[in-house]
Each structure stands twice: as structure tokens, then as C-alpha cells.
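None of these values were measured; they are calculated from a predicted model. Excluded from the calculations below are hydrogen atoms, water molecules and symmetry mates; all remaining heavy atoms, backbone and side chain alike, are included.
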Amino acid sequence: MSETDPRRWKALVFIALAQLMVVLDATIVNIALPSAQQDLGISDGNRQWVITAYALAFGGLLLFGGRIADLWGRKRTFVVGLIGFAAASALGGAATGEAMMLGARALQGAFGALLAPAALSLLAVMFTDGKERAKAFGIYGAIAGGGGAVGLILGGFLTEYLDWRWTFFVNIPFAIVAAVGAYFVIREPAGGRNRSPLDIPGVILSTLGLVALVYGFTRAESEGWSDATTIGMFVGSAVLLAAFVLTEAKVKSPLLPLRVLTERNRGGVYLSLGLAVIAMFGLFLFLTYYLQIVKGYSPVKTGFAFLPMIAGMIIGSTQIGTRLMTRVPPRWLMGPGFLTAAVGMLLLTQLEIGTSYAGLILPAQLLLGLGMGTAFMPAMSLATHGVDPRDAGVASAMVNTSQQVGGAIGTALLNTIAASATTAYIADNAAGVTTQGAQKLLQLQGMVEGYAAAIWWAVGILAVSAAIAVALINTGKPDVGVVAGSGSGSGEGAEDEVKIPVIAH
């Protein structure tokens, strides 16, 4: 398909609608989580699996999804992903217990992993003119940022005025409209498939290794860090991921060619971004619970309370990152950006039961959003820095993978730290607490102490992200140029060409 295809802008509408649905789902469930947890009897130790099951399935299968799109065709993969996502959402909305809910979330993640790379690669092959391509990806990116805000508010309204189940059911009309529109409007160019054999061992080893890693963090909360099974999970994860690396080095058509990771700028982006997302995902969970349980906010009010962070991200990305990206080297945006976010996080370590929203939480969210938005913009551009044309798609998918896996680990790790700190605080201060009111106050104080302890870790993680960005990323200001790439796919045999920004030394 060329830039002269008259239906490309109509196609963008349906691709953008699918992106909006995926972004909505990522934030809408955060708001509904306390209500769903209560209704379904999900334990505090397992509640983060409602988020983690989705993030892990999505992150673990994203590279595989990109290869499937190349093999099956992007349009077909896109439509199948949408239909599957709708079915999984219906299952989640109808959930009668913990197992059904977690299974539905994992299925949503798996179909999302088909949907996301197919959507991005469709945009890449449909918009080949430089200016039109920038505009199309700008619209796609704006939906990614703004969709988060819509999800928080819509999640609040649906949870409060209807039922938390509608935060799942709302995906169904989005998916149906996008799938029908895509089926009739999108035309994929011929000869764009990658017929290389699938790297099945790579898929199995990477997915099992990541599941073992996150389960290890989750189990540490309830059973302790010295528990034999916890240690076994971490050891098993290390073995599986090491085997994955060895496999990728030897197979003819690897799921993740190691050359994508070993270039220092791309490696720096994946590592610093993944760590930063660990800090952010845990924070979303804690702030949601703090505002609803400790402060007594309604779901709608909680949704609006997150808006300063989203606004900060949009401003940081579109006004600061975009304007400065052509003037300063990327590391001088990413490093200070992560440090600004760390300062915002540092403010939140001062949380108490009676903390003022306007006095502390609002400025902290603004700093977090501005910092992360400023850092994310150059990071996305650097994802394909100096990349071999046949690896352009897998390099882009790797950014999404590092974010999703970082989110899964962050939710599990920080939840573990918070729960341990809460338990320790209550045990240390329980003596002499006899009345019901005093016990409830102690419980709330313990929760806040747990959140603060975990947020201190998040501050440290963001500082490490900043250090990695400054130390590893050494490319200069971007020059305007193009490189041939393979859309979503990776490996040999991709025949279609797309334009991808290159950063010059």
C-alpha cells in the first residue's frame, strides 16, 4: 500500500480505536480493582495478579506476536487479536471467582500481544511518506497518552454508577467496531510476509522464564524470601532465561536476535525504560488503594485525582521532549527526566493518613508525569537506533516488552515490599491497641507505612534508570534520515520497506 491509497486515513481511525481500547484497559482496571477484589474474594497477596497476569502475558508474548503478524499477515493478525480481546473481556466481566478473573486477564494479554505489533506495523507500511508518517504516529501516540486519562475517569464512572464488570464489557463494542472496520478498509501490501520458521523454543523459554521470575516475587510476599519454592523460582527463572539467550545465539531465525540487545544505545534504552516502569506500575497500584481506602475517595474522584500525572506526561512528551529532541543529545533528556520523576516519587515517601492532596500528591504527580514524559519521547526514537533493516520491527517490539515486563515485576516486587513493611509495622505497634477504632487506625497507618517503604525503593530505581541512561546512551543529536525496516517482524525474509528515524552519532 502506498501513500496515495485513499483509504489510509480511514484505516488509521480503526487502528487508533484498537490502540485506545488497549490503553483504556491498562488503566481502567486499576480503578475497578478494589471493588473487583472485594466481590471475588481475591486476597491482598494475589490482587496484583489482576494487573500482572495481563502485563506478563502481553510482555512475554509480544515478540512472538510480531512474528505471527509477519507469518499470517498483519491485517489477519490484527482482526484475530481484536476478536480474541473482546472474548477475553467478556470472560473477565462475567468472572465468578479469582481463577476465572486471572485467566481472563492472561487471555487479554495474549491477544493484546497479537494486536499491538500488528497495529504498529500496519501503520508503518501504510504511511510511507515522511510527513504523513509523522502525523499518523503523532495521532497514535496522542491516543496512547490521552487514552490513559480517559481510562482513569471512565473506570471511575463505570465502577461507581454501574458495576466494576462494565470496565471489562466496555471493550467489546470498541473491538467489534475496530475489527469490522479493519476487515473492510485495511488492505495489506502483497509480498510483505516473513516465511522464516517460528522459534518455538525461544517463545517457550522466554515466557516460562518471565513467569517464574514474577511468581518468585509474588510468593516472597506470603512465604518469605528464604522460602525454598521462592528461591527455586528465582533459580529456575535464571536458568530458563540463560537457556533462552543461548538458544537465540544458535537458531537460524531467532525470536529475538541478540544483535538487537548488544548495541549500547538500544540496550541502554531497554534497561533504563524497563527499570523506570517498575517504579511507575507499583505506584499506580499504591496510589489507587491509598486514595480509595485511606482517603475514602470514590472511584470517580480517584480517576480525576490521577489527571495531573497524565497531564504532566503529555506536556513532558509533546512540549518538552519533542521540542528539545533535535537540540540536545537524548541522554540529557532521559537522565534529567528520570531524576525529575524521582524527585516527584521522593515527595510521595512523605505520605501520611492526613496528607493533603493539593499540598503533596498533586505536585508529586506533576513532577512524575513531566519527568517520565520527557524521558520517554527520546527513548522511543532511540529504540531503532542504528538497527539492521530486518531487525527494525523486533527492536520496536523490544521497547514494549521491556515496559510490560518491567510493569509486571514492579507490581509484584513493590507490592511484596509494601506488604512486608505493613506487617512489620502492625506487629511492632500492636501492643496496647484494644479498641476497634484504634485497631482500624493502626491498620491504616500500617498500610501507609508500607506504601512509603515501597516508594523509597521506587526512588532508588528511578535514580539507577537515570544513571544507566547517562552512562550507556552516547549518541548525539538526531539527524533526519531513513532506514528500511520490516514493520512488526523480525528475522530474514521480510520484504516490505518502511521508513524509520535514525539517530546519528
Side-chain angles (χ1 to χ4, degrees), residues 20-37 47-48 50-51 54-55 142-161 164 166-167 170 276-318 340-351 355-376 403 407 410-411 414-415 418 447-448 451-452 454-455 458 462:
L20 178 62
M21 179 187 72
V22 173
V23 174
L24 274 175
D25 195 74
T27 52
I28 207 170
V29 174
N30 275 295
I31 300 295
L33 188 51
S35 303
Q37 180 187 355
R47 73 183 177 205
Q48 87 271 12
V50 178
I51 308 296
Y54 175 88
I143 286 169
V150 175
L152 291 167
I153 297 166
L154 185 60
F157 274 105
L158 291 172
T159 303
E160 191 164 339
Y161 297 116
W164 64 263
W166 283 95
T167 61
V170 75
V277 172
I278 286 177
M280 289 298 290
F281 261 64
L283 180 74
F284 275 128
L285 188 69
F286 298 142
L287 263 188
T288 300
Y289 273 84
Y290 174 80
L291 292 170
Q292 289 194 39
I293 294 172
V294 180
K295 302 294 280 184
Y297 281 22
S298 68
V300 170
K301 193 174 179 183
T302 302
F304 279 105
F306 272 105
L307 281 181
M309 189 188 299
I310 305 294
M313 282 183 179
I314 293 171
I315 293 167
S317 178
T318 61
T340 303
V343 171
M345 201 74 85
L346 189 63
L347 287 178
L348 290 173
T349 61
Q350 307 305 307
L351 276 182
T355 292
S356 157
Y357 175 81
L360 183 84
I361 298 171
L362 188 148
Q365 285 197 53
L366 280 173
L367 283 169
L368 269 163
L370 283 169
M372 294 300 271
T374 301
F376 270 45
Q403 288 182 72
T411 306
L414 295 182
N415 198 57
M447 285 174 68
V448 175
Y451 300 156
I455 290 168
L462 283 170

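The minimum heavy-atom distance linking P363 with A358 is given by the pair CD-O, 3.3 Å. Across every non-hydrogen atom of M345 and A279, the tightest pair is CE-O, 3.8 Å. Taking each heavy atom of L362 and P308 in turn, the nearest pair found is CG-CG, 4.0 Å. Summarising the geometry of A458 relative to L414, their closest heavy-atom pair is CB-CD1, 4.3 Å, with the distance given to 0.1 Å.
With sequence neighbours excluded, the residues that form a side chain to side chain contact (heavy atoms under 4.5 Å, CB included) with L370 are I315, I320. In terms of the side chain to side chain contact (heavy atoms under 4.5 Å, CB included) criterion, residue partners of A342 (sequence neighbours excluded) are, by chain and number, L462. Residues passing the side chain to side chain contact (heavy atoms under 4.5 Å, CB included) test with I278 are L275, I409, I461, sequence neighbours excluded. With sequence neighbours excluded, the residues forming a side chain to side chain contact (heavy atoms under 4.5 Å, CB included) with L33 are V50, I51, L285, Y289, listed by chain and number. Residues forming a ring-ring contact (aromatic ring centres under 6.0 Å, His included) with Y290 (at least two apart in sequence, or on another chain): none. For Y161, the ring-ring contact (aromatic ring centres under 6.0 Å, His included) partners are F157, not counting sequence neighbours.
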Practice prompt. Mind running side chain to side chain contact (heavy atoms under 4.5 Å, CB included) on F306 and T288 for me, showing each step along the way?
Written response: CA-CA 9 Å; F306 272 105; T288 300; 3.6 Å; yes
Practice prompt. Check step by step if side chain to side chain contact (heavy atoms under 4.5 Å, CB included) holds for L368 and V343.
Written response: CA-CA 8 Å; L368 269 163; V343 171; over 6 Å; no
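Annotation: side chain of M280 is in contact with side chain of M313 (closest heavy-atom distance under 4.5 Å). The closest side-chain heavy-atom distance from V294 to T355 is not below 4.5 Å. A heavy-atom distance below 4.5 Å is not found between the side chains of L367 and L346. Contact check for M447 versus F286: no side-chain heavy atoms found under the 4.5 Å cut-off.
Atom CE of M309 sits about 5.5 Å away from atom CG of L287, to the nearest 0.5 Å. Atom CD1 of residue I361 and atom CG of residue L347 lie 11.0 Å apart, to the nearest 0.5 angstrom. Taken from CD in Q365 to CG in L348, the straight-line distance is 7.5 Å, to the nearest 0.5 Å. Separating the NZ atom in K295 from the CG atom in L351 is a distance of 9.0 Å, to the nearest 0.5 Å.
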Please set out all donor-acceptor pairs under 3.5 angstrom arising from side-chain atoms of residues 296-305, sequence neighbours excluded.
unit_1, atom_1, unit_2, atom_2, d
S298, OG, E160, OE1, 3.1
S298, OG, K301, N, 3.1
T302, OG1, S298, O, 2.9

